[in-house]
Amino acid sequence: MRQKKQSMGCFNILKKRRDFRKTYAGGKVVADGHLVIYYKANNLGISRFGFSVSKKVGCAVKRNKVRRILKEICRKNQEKFLNGRDYVIVSRPGIVGKSYQKVSEILLSNLRRLG
RNA sequence: UGAGUAAGCUGGGUGAUCGCGGGUACCAGGCCGAAAGGUGGUGCCUGAGGAAAGUCCGAGCUCCGCAGGGCAGGGUGCUGGGUAACACCCAGUGGGGGCGACCCUAAGGAAAGUGCCACAGAAACAAACCGCCACAUUGGUGGCAAGGGUGGAACGGUGCGGUAAGAGCGCACCAGCGGCCGGGUGACCGGCCGGCUAGGUAAACCCCACCUGGAGCAAGACCGAAUAGGGGAGCGGCAGGGCGGCCCGUCCUGCUCCCGGGUAAGGUCGCACGAGAUGUCAGGGCAACCGGCGUCCCAGAUAGAUGAUCAUCCAAGACAGAACUCGGCUUACAGGUUUACUCACGGC
RNA sequence: GGCCCCAUGGUCAAGCGGUCUAAGACACCGCCCUUUCACGGCGGUAACCCGGGUUCGAAUCCCGGUGGGGUCA
């Protein structure tokens with residue numbers, strides 16, 4: 001499967017393919033129809049984020065929009081994520097077209113479930 | 001006023017706060033890394049499209065030793081011009097469509113050769129089923145191709161003459177073919193004359209003319225550590241291998257001499273000043289385009305930068321996101337807007 | 001980002017301008033066989049990805065689009 005992964009400058013991001021694979025393989029999962037969140041302790045004392053939006057979600061404009069909203073939500077709500085974990089947030093096709101507020105509700109409710 | 005044709009332009013705006021990529025100036029001279037190298041803060045500047053798309057053509061650039069010859073293969077196909085080049089663009093020619101503005105057109109060659117033309121039909125390039133006529137008189141011999149019938153297509157078409165019946169057998173016009181004359185750079189057009197017939201298909205093979213080496217920025221170049229082995233020149237031409245397929249040719253492996261280097265994870269460059277944008281000239285040209293002069297620098301990421309919130313205006317925002325770069329084509333697309341022209345109706 | 005393939009019933013697939021009204025197999029439906037099921041036999045439903053063009057005629061040839069898949073660091 002082809003995936004698109006982005007970085008951000010202001011907070012820590014996952015870049016390496018092996019980091020993604022480690023998180024997929026050794027981590028825990030919370031998911032619903034819109035998102036899948038993988039997470040795993042990283043022993044670094046800080047949180048890192050990775051985003052994956054496959055071509056199944058839509059065309060380039062739609063994928064960019066989804067990724068940018070997710071990135072903004074994570075940046076503004078960093079304190080709600082536990083430190084010392086790697087997070088990989090995978091988008092599913094149902095998320096296309098949702099507003100920032102809708103996506104924020106979806107992401108934060110999933111976050112509460114992972115605890 | 002309505003209907004329409006053609007060619008363009010535009011593709012939400014403004015303000016505030018937080019956040020991101022790039023450049024630059026100043027400050028800091030710390031942190032990460034084995035090294036190469038990367039990274040911070042503040043201010044200022046800047047930050048997706050007309051299609052950025054599809055990857056359908058054409059180029060630049062890079063490597064394949066040189067980018068060489070022939071064959072094969074591939075492409076283009078009315079004419080002239082534009083261009084770096086093109087399958088693109090402009091102007092024209094022929095054909096087709098529309099009352100018209102205007103639009104469409106893969107449009108060389110079928111007397112160089114080969115193949116195919118199912119079914120039907122006598123016959124599909126080779127003729128005679130029903131027929132017509134003459135002589136015989138019943139089953140024959142000879143002549144003919146008008147009419148019927150089949151088919152997408154039937155051996156030029158219509159009319160008059162002619163004949164036993166008929167036929168370009170003769171004549172007129174039309175279509176087609178050849179020749180001559182005139183015009184045009186040319187495709188072609190106009191006129192005259194001649195003989196009297198040549199089916200279609202080349203987006204079937206093919207012939208003719210012209211073009212064409214292959215891959216692609218994940219090309220490729222460099223840096224550093226480790227591990228271990230290479231590169232250049234000359235000689236030689238037997239064997240093996242490489243250079244897009246084959247042949248020629250040529251290079252490497254071989255020997256001698258010399259020199260200091262290749263490969264995977266990583267990093268840097270390539271990577272943005274260019275067939276560049278824009279304005280102008282009573283510039284050249286019907287035009288595409290070309291030329292002169294002036295002004296400007298206009299994304300450059302590398303897991304990949306444009307988002308969020310608020311206010312406000314309106315017609316309430318379509319299709320859609322750069323990834324080496326250009327020139328085209330094709331496809332997607334809400335709305336707004338400009339110019340020229342055509343037809344119909346009405347008024348002056 | 002570049003390059004390269006493929007598309008025919010529900011599935012796997014043959015075809016290479018004309019008897020295509022499209023072969024075959026599995027699957028599905030009905031009938032027969034069997035006490036019943038399975039096997040077997042007979043019959044049936046069901047397809048050329050879409051839009052143009054060439055041709056008398058296109059699943060096939062040409063052009064454009066759509067949807068899948070592979071490969072290159």
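Atoms considered below: every heavy atom in the structure, side chains included; atoms not considered: hydrogens, waters and symmetry mates. So you know, we letter chains A, B, ... as the sequences are listed, proteins then strands, and number each from 1.
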*Asks:* Taking atom C1' in both B/rA110 and B/rC243, what distance in whole Å separates the two?
*Replies:* 44 Å

*Asks:* With syn defined as a glycosidic angle within 90° of 0 and anti as the rest, where does B/rC298 land?
*Replies:* syn

*Asks:* Would you measure the distance from the P atom in B/rC9 across to the matching atom in B/rA25 and give it in whole Å?
*Replies:* 40 Å

*Asks:* Identify the nucleotide, in any strand shown, that forms a Watson-Crick or G-U wobble pair with B/rG73, with both distances under 3.5 Å; if there is none, say none.
*Replies:* B/rU212

*Asks:* When syn is taken as a glycosidic angle within 90 degrees of 0, is C/rU55 syn or anti?
*Replies:* syn

*Asks:* Does B/rA59 count as syn, meaning its glycosidic angle lies within 90° of 0, or as anti?
*Replies:* anti

*Asks:* Rounded to the nearest angstrom, tell me the gap between atom CZ in A/Phe51 and atom C1' in B/rC20.
*Replies:* 13 Å

*Asks:* Can you name the ring-ring contact (aromatic ring centres under 6.0 Å, His included) partners of A/Phe81, sequence neighbours left out?
*Replies:* A/Phe49, A/Tyr87

*Asks:* Should C/rC56 form a Watson-Crick or G-U wobble pair with both distances under 3.5 Å, which nucleotide is its partner?
*Replies:* C/rG18

*Asks:* When the C1' atoms of C/rC42 and C/rG53 are compared, how many Å lie between them, rounded to an integer?
*Replies:* 46 Å

*Asks:* How long is the line joining NZ of A/Lys102 and P of B/rA308, in whole Å?
*Replies:* 15 Å

*Asks:* Let's test this: given Watson-Crick or G-U wobble pairing with both distances under 3.5 Å, identify the partner of B/rC18.
*Replies:* B/rG307

*Asks:* Counting only Watson-Crick or G-U wobble pairs whose two distances fall under 3.5 Å, which nucleotide matches C/rU66?
*Replies:* C/rA7

*Asks:* Set out, in order, the CA-CA distance, both residues' side-chain angles and the distance that settles side-chain contact (heavy atoms from CB on, under 4.5 Å) for A/Ile37 and A/Leu107, then state yes or no.
*Replies:* CA-CA 9 Å; A/Ile37 303 175; A/Leu107 179 57; 3.7 Å; yes

*Asks:* What is the base-pairing partner of B/rG29, counting Watson-Crick and G-U wobble geometry with both distances under 3.5 Å?
*Replies:* none

*Asks:* Of the nucleotides B/rC20, C/rG1, B/rG307, which has the atom closest to the A/Glu72 side chain?
*Replies:* B/rG307

*Asks:* Between atom CD1 in A/Ile73 and atom C1' in B/rG19, what is the gap in whole Å?
*Replies:* 14 Å

*Asks:* Between B/rA35 and B/rA299, how far apart are the two P atoms, rounded to whole Å?
*Replies:* 38 Å

*Asks:* Let me know the distance between CZ of A/Arg75 and P of B/rG307, rounded to the nearest Å.
*Replies:* 14 Å

*Asks:* Please state how far atom CG in A/Asn77 lies from atom P in B/rG19, giving the value in whole angstrom units.
*Replies:* 15 Å

*Asks:* If we take the P atom in both C/rC56 and B/rC324, what is their distance in whole Å?
*Replies:* 48 Å

*Asks:* Are there more than 12 heavy atoms of other residues, nucleotides or ligands under 6.0 Å from atom NZ of A/Lys62?
*Replies:* no

*Asks:* Using purine N1 to pyrimidine N3 plus N6-O4 or O6-N4 for Watson-Crick, or N1-O2 and O6-N3 for G-U wobble, both under 3.5 Å, which nucleotide pairs with B/rG4?
*Replies:* B/rC341

*Asks:* Could you write out each protein N or O paired with an N or O of nucleotides 321-324 of chain B at a distance under 3.5 Å?
*Replies:*
residue : atom : partner : partner atom : Å
B/rG321 : OP2  : A/Ala60 : N            : 3.4
B/rG321 : OP2  : A/Val61 : N            : 3.3
B/rG321 : N7   : A/Asn64 : ND2          : 3.3
B/rG321 : O6   : A/Arg68 : NH1          : 3.3

*Asks:* Please determine, for C/rU36, whether a Watson-Crick or G-U wobble partner exists with both distances under 3.5 Å, and give it or none.
*Replies:* none

*Asks:* Would the distance check show the side chain of A/Arg67 and the main-chain N or O of A/Ser91 forming a donor-acceptor pair, the cut-off being under 3.5 Å?
*Replies:* no

*Asks:* If the C1' atom of B/rA320 is compared with that of B/rG12, how far apart are they to the nearest Å?
*Replies:* 16 Å

*Asks:* Which glycosidic conformation, syn or anti, is assigned to C/rA27 if syn requires a torsion within 90° of zero?
*Replies:* anti

*Asks:* Is there a path of hydrophobic side-chain contacts, each under 4.5 Å between heavy atoms of I/L/V/M/F/W/Y residues, joining A/Phe51 to A/Val61?
*Replies:* no

*Asks:* Looking at A/Arg113, is its backbone amide N or carbonyl O close enough to the side chain of A/Asn110 to form a donor-acceptor pair, meaning the two atoms are under 3.5 Å apart?
*Replies:* no

*Asks:* Does B/rA308 have OP1 or OP2 under 4.0 Å away from a side-chain N or O of A/Lys65?
*Replies:* yes

*Asks:* Go through the steps for A/Leu35 and A/Leu70 under the test side-chain contact (heavy atoms from CB on, under 4.5 Å), then give the verdict.
*Replies:* CA-CA 10 Å; A/Leu35 291 173; A/Leu70 287 173; 4.2 Å; yes

*Asks:* Taking 4.0 angstrom as the limit, do A/Glu105 and A/Lys102 come out as a salt bridge?
*Replies:* no

*Asks:* Please state the C1' separation for the pair B/rA275 and B/rG328 - nearest whole angstrom.
*Replies:* 14 Å

*Asks:* Find out whether A/Arg112 and A/Lys80 are in side-chain contact, i.e. whether some heavy atom of one side chain is under 4.5 Å from a heavy atom of the other.
*Replies:* no

*Asks:* Measure the spacing between OG of A/Ser104 and CD of A/Gln101 and express it to the nearest 0.5 Å.
*Replies:* 8.0 Å

*Asks:* Quick check for you: to the nearest 0.5 Å, what is the distance between A/Ser99 atom OG and A/Lys65 atom NZ?
*Replies:* 9.5 Å

*Asks:* Provide the Watson-Crick or G-U wobble partner of B/rA145, both distances under 3.5 Å; none if there is no partner.
*Replies:* none

*Asks:* To the nearest Å, how far apart are A/Lys76 NZ and B/rU17 P?
*Replies:* 15 Å

*Asks:* Can you tell me the distance, in whole Å, between the NZ atom of A/Lys98 and the P atom of B/rA308?
*Replies:* 16 Å

*Asks:* If I pick the P atom on B/rA202 and the same atom on C/rG17, what distance separates them, to the nearest angstrom?
*Replies:* 16 Å

*Asks:* If the cut-off is 4.0 Å, is A/Gln101 near the phosphate of B/rU309, judged by side-chain N/O to OP1 or OP2?
*Replies:* yes

*Asks:* Which glycosidic conformation, syn or anti, is assigned to B/rG50 if syn requires a torsion within 90° of zero?
*Replies:* syn

*Asks:* Let's see if you can work this out: which of B/rU306, B/rG19, B/rA308 has an atom nearest to the side-chain heavy atoms of A/Ile69?
*Replies:* B/rA308

*Asks:* Identify the heavy atoms of A/Arg92 and A/Ala31 that sit nearest to each other, and give their distance.
*Replies:* NH1-CB, 4.4 Å

*Asks:* Mind listing the N/O atom pairs, protein and nucleotides 4-6 of chain C, below 3.5 Å?
*Replies:*
none

